[in-house]
Amino acid sequence: MWQPTKLELERLHKAQRLQTRGVELYPARIERTHRIAEAVDKFLQAESDAQVEDIGVTVTGRIRRLNSRGKVSFAHVEDESGRVQLFLRVNALGDESYELIRRKLIDVDDFVQASGTMMRTRTGEVSVNVAELRLISKSLTPLPVVKEQRTAGGTVIEYGEFKDTESRYRQRYADLAVNKSVREIFVKRARAIKALRDFLDGEGMLEVETPVLQPLYGGAAARPFSTRHNQLHQDLYLRISFELYLKRLLVGGYDAVYEIGRDFRNEGVSYKHNTEFTMLEFYKAYIDYKGVMDITERMFAYAAEQVTGSAQIRYQGTAIDLAPPWKRMSIREAAQELLGFDYMDYPTSETLYAYLDSRGLTEGLDPNDTWGRMIVEHILGNHIEQHLSQPTIIKDYPRDMSPFAKRIQGTSADEKERRYIASHTERFEFFIAGMEMGNAFTELNDPRDQQARFVDMKRLYAEEADETTPLDEDYLKAMRYGMPPNGGFGSGVDRMVMLLTDQTSIRDVLLYPHLRAPQVTEADLRGQFMLDAAVRGYEYQLDHVLEGSKRRIALYLPAPNIGVDFRLANALEGSLAQLQNLRKAFDGALFVMTDEALYRVDDDLAGVTAADFWSALS
RNA sequence: GGGCGCGUGGCGCAAUGGCAGCGCAGUUGACUUUUAAUCAAUUGGUUGCAGGUUCGAGUCCUGCCGCGCUCACCA
């Protein structure tokens with residue numbers, strides 16, 4: 001239960017005084033003729049047209065600044081569109097209404113409705129000359145105070161900002177209310193996702209929705225969350241990807257489908273990982289991974305244009321050009337270019353590890369990893385990825401890392417090249433700003449090969465069983481009906497939003513990033529207590545302060561006014577028998593709450609002296 | 001999970017082991033064109049929690065909780 005702070009008590013008191021004056025604190029009917037930005041624009045337009053007639057407006061919003069100067073006051077109100085100053089004069093408002101300002105009954109953070117005509121103050125600021133001011137929602141908890149100063153150069157310096165990351169994430173509403181730049185991030189996020197939809201719709205793809213709860217997880221290598229359907233007596237998994245469900249739809253006759261939705265992975269969090277994240281996947285028939293590359297390049301350029309106005313963006317001070325074409329190279333070529341060797345010269349995990357060791361490149365590498373994992377996870381992930389600042393497509397991945405991709409095509413007279421072709425797949429990932437942004441393949445559509453891959457995966461990763469892709473018999477059944485050749489694509493949308501909003505942490509592009517649940521607070525306990533009492537039909541009493549004691553106690557009472565002080569005083573100083581009597585008096589339902597916990601006084605206390613009982617609580 | 005760092009009024013921050021302080025906000029008063037308004041006065045703290053060392057702990061030690069960074073993990 002809420003325990004008001006000193007500042008909140010002051011506002012509660014103001015709320016009472018307002019109600020005494022007959023002011024409605026939370027009215028239901030609101031008037032507004034203009035959004036704030038519209039009102040200002042209209043005034044500026046009239047000014048430039050040299051019109052003389054008054055522009056009457058009614059605007060609404062939250063007060064963000066209030067500066068009383070005696071019989072005249074200035075306020076800034078803000079709605080989503082912007083801010084405008086209110087010019088408040090006792091002459092215009094009348095004594096009674098102005099009194100609310102003068103007595104400070106209206107605070108910063110309150111929502112108001114203001115009617116008047118547009119004007120400029122003596123210093124030139126566009127304002128509403130307010131004739132009528134109405135409180136439309138009282139704020140009881142003050143928001144953190146942020147003051148702004150505009151320098152001559154136009155930059156805004158903020159004083160006393162609200163920047164404690166934990167508070168900002170846990171109370172995102174306050175963060176948003178105070179920090180305009182945070183609000184802007186999520187506007188851009190919405191624009192980015194709309195841009196993706198518009199683009200994919202424009203490509204003739206059908207947006208679909210597939211199950212979040214799946215009887216088998218698959219399509220990626222990740223630890224899933226599991227849950228249980230009670231009525232069906234069935235274990236279910238939260239999806240780690242959409243892949244297998246989307247590709248079944250190509251069997252069903254759609255040429256191209258996509259889905260934007262949430263995936264869940266039961267793994268660590270980092271600046272670029274959240275346990276739940278937004279994924280985009282699409283699958284398009286009759287194209288291969290080169291076709292997917294073309295779409296990828298155009299799609300990112302389009303999204304950047306829609307969000308930032310240009311395909312040339314800046315990320316953390318670096319200029320990044322998302323316009324096609326992007327650099328494309330195979331993982332083998334990347335290793336040759338950046339590390340100066342051909343991994344095909346080391347065709348087993350043992351020889352590859354030995355070579356890397358001779359170069360001093362094995363830090364963090366498990367010698368028991370598979371050959372493909374060494375190349376993708378270690379060589380690419382630890383030694384190449386961070387250098388890929390400009391958009392780069394890295395293609396042709398080792399087969400054992402890509403269970404849903406077709407082998408690369410071609411033939412060669414050379415033995416080493418034949419081995420290369422046999423052991424690699426048409427898969428690519430693309431990297432921007434040193435971050436993996438997505439993953440795509442020429443999709444495997446041979447059910448016989450697919451079944452072999454499931455078995456391979458199981459064999460390779462037997463010891464980490466929960467990270468392998470389980471064999472999905474229904475998926476194979478679908479594929480046996482015939483799946484058109486197709487190219488598929490998956491990308492973490494949150495990372496794209498990070499890129500387009502210049503953010504370095506995924507948490508800053510998620511409205512509610514995952515945080516550990518905070519400890520139960522006293523306020524939570526009090527709330528529980530109050531609810532329990534209501535359910536039992538008891539009166540309750542919180543913060544019962546006992547004479548000469550620092551303890552605060554909460555009680556369930558079967559009825560009010562039954563001599564609590566007297567009985568408790570006895571119990572505190574007396575024997576267990578008296579305590580039990582007390583309990584009896586309360587119909588066997590005496591609960592005592594201290595700052596730490598809620599205790600039930602019951603038979604478990606037998607044998608404990610009252611003094612020990614109370615000292616155990618303190 | 002490992003390492004490093006942080007946790008002090010509502011917010012932003014100080015404080016060699018020695019009286020817990022400052023700014024903003026708040027409260028009271030003054031002011032009819034302010035804009036980080038100003039002026040005068042003023043309230044508010046069990047320094048995340050629990051122990052320990054010490055004459056004395058915000059500060060040192062141990063454990064716990066939370067957050068951040070980083071490593072590990074991570075298609």
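Small disclaimer: the values here were computed from a predicted structure and weren't measured. Letters A, B, ... are given to chains in the order of the sequence lines, protein chains preceding strands, and every chain is numbered from 1.
Spacing between atom CG of A/L93 and atom C1' of B/rU32 amounts to 12 Å, rounded to whole angstrom units. Atom CG in A/D508 sits roughly 13 Å away from atom C1' in B/rC69 (whole-Å rounding). Put simply, NE2 on A/H273 is 10 Å from C1' on B/rA75, counting in whole angstrom units. Rounded to whole Å, atom C1' of B/rU33 lies 11 Å from atom CZ of A/R65. Spacing between atom CZ of A/R11 and atom P of B/rG26 amounts to 8 Å, rounded to whole angstrom units. In this entry the distance linking NZ of A/K147 with P of B/rC11 reads 17 Å, nearest Å.
Taking only distance into account, the side chain of A/K104 never meets the base of B/rU27 through a donor-acceptor pair shorter than 3.5 Å. In this model, no side-chain donor or acceptor of A/E125 finds a partner on the base of B/rU33 within 3.5 Å.
For B/rC67, one of the phosphate oxygens OP1 or OP2 lies less than 4.0 angstrom from a side-chain nitrogen or oxygen of A/R170. Residue A/K163 places none of its side-chain N or O atoms closer than 4.0 Å to OP1 or OP2 of B/rG12. For B/rG66, one of the phosphate oxygens OP1 or OP2 lies less than 4.0 angstrom from a side-chain nitrogen or oxygen of A/R516. For B/rC69, one of the phosphate oxygens OP1 or OP2 lies less than 4.0 angstrom from a side-chain nitrogen or oxygen of A/R507. Under 4.0 angstrom from either OP1 or OP2 of B/rC74 there lies at least one side-chain N or O belonging to A/R373. In terms of phosphate contacts, A/R122 brings no side-chain nitrogen or oxygen within less than 4.0 Å of OP1 or OP2 of B/rU32.
A donor-acceptor pair shorter than 3.5 Å can be found between the side chains of A/Y169 and A/D508. In the model, A/N274 has no side-chain atom that pairs as donor or acceptor with a side-chain atom of A/R507 under 3.5 Å.
Other residues, nucleotides and ligands place no more than 12 heavy atoms under 6.0 Å from the OH atom of A/Y237.
A/P398 has its side chain within reach of A/H424: a pair of non-hydrogen atoms, C-beta onward, lies under 4.5 Å apart.
The gap from the C1' atom of B/rA57 to that of B/rG17 amounts to 7 Å, rounded to the nearest Å.
Remark on RNA chain B: of its neighbouring residues A/P142 and A/E377, the 5'-side contact belongs to A/P142, judged by nearest-heavy-atom nucleotide.
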Q) Tell me, what's RNA chain B's dot-bracket, Watson-Crick or G-U with both distances under 3.5 Å, | for other-strand, [ ] crossing? A) (((((((..((((....[..)))).(((((.......))))).....(((((..]....))))))))))))....
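If you check every strand for non-hydrogen atoms under 4.0 Å, A/L515 touches sugar and phosphate atoms only. Residue A/Q149 is classed as a base contact, given a heavy-atom separation below 4.0 Å to a base. Counting any heavy atom pair closer than 4.0 Å across all strands shown, A/E8 reaches no nucleic acid atom.
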Q: Start with the C-alpha gap between A/Y98 and A/S73, add the side-chain angles, then the distance that decides, and say whether side-chain hydrogen bond (donor to acceptor under 3.5 Å, both in side chains) holds.
A: CA-CA 9 Å; A/Y98 192 78; A/S73 297; 2.7 Å; yes
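Looking at A/T442, A/T425, A/D396 one by one, the single match for side chain to side chain donor-acceptor pair (under 3.5 Å) with A/Y289 turns out to be A/D396.
When all heavy atoms of A/M374 and A/P367 are compared, the pair lying nearest together is CE-O, 3.5 Å.
Evaluation of the side chain to side chain donor-acceptor pair (under 3.5 Å) rule for A/D263 yields no partner, not counting sequence neighbours.
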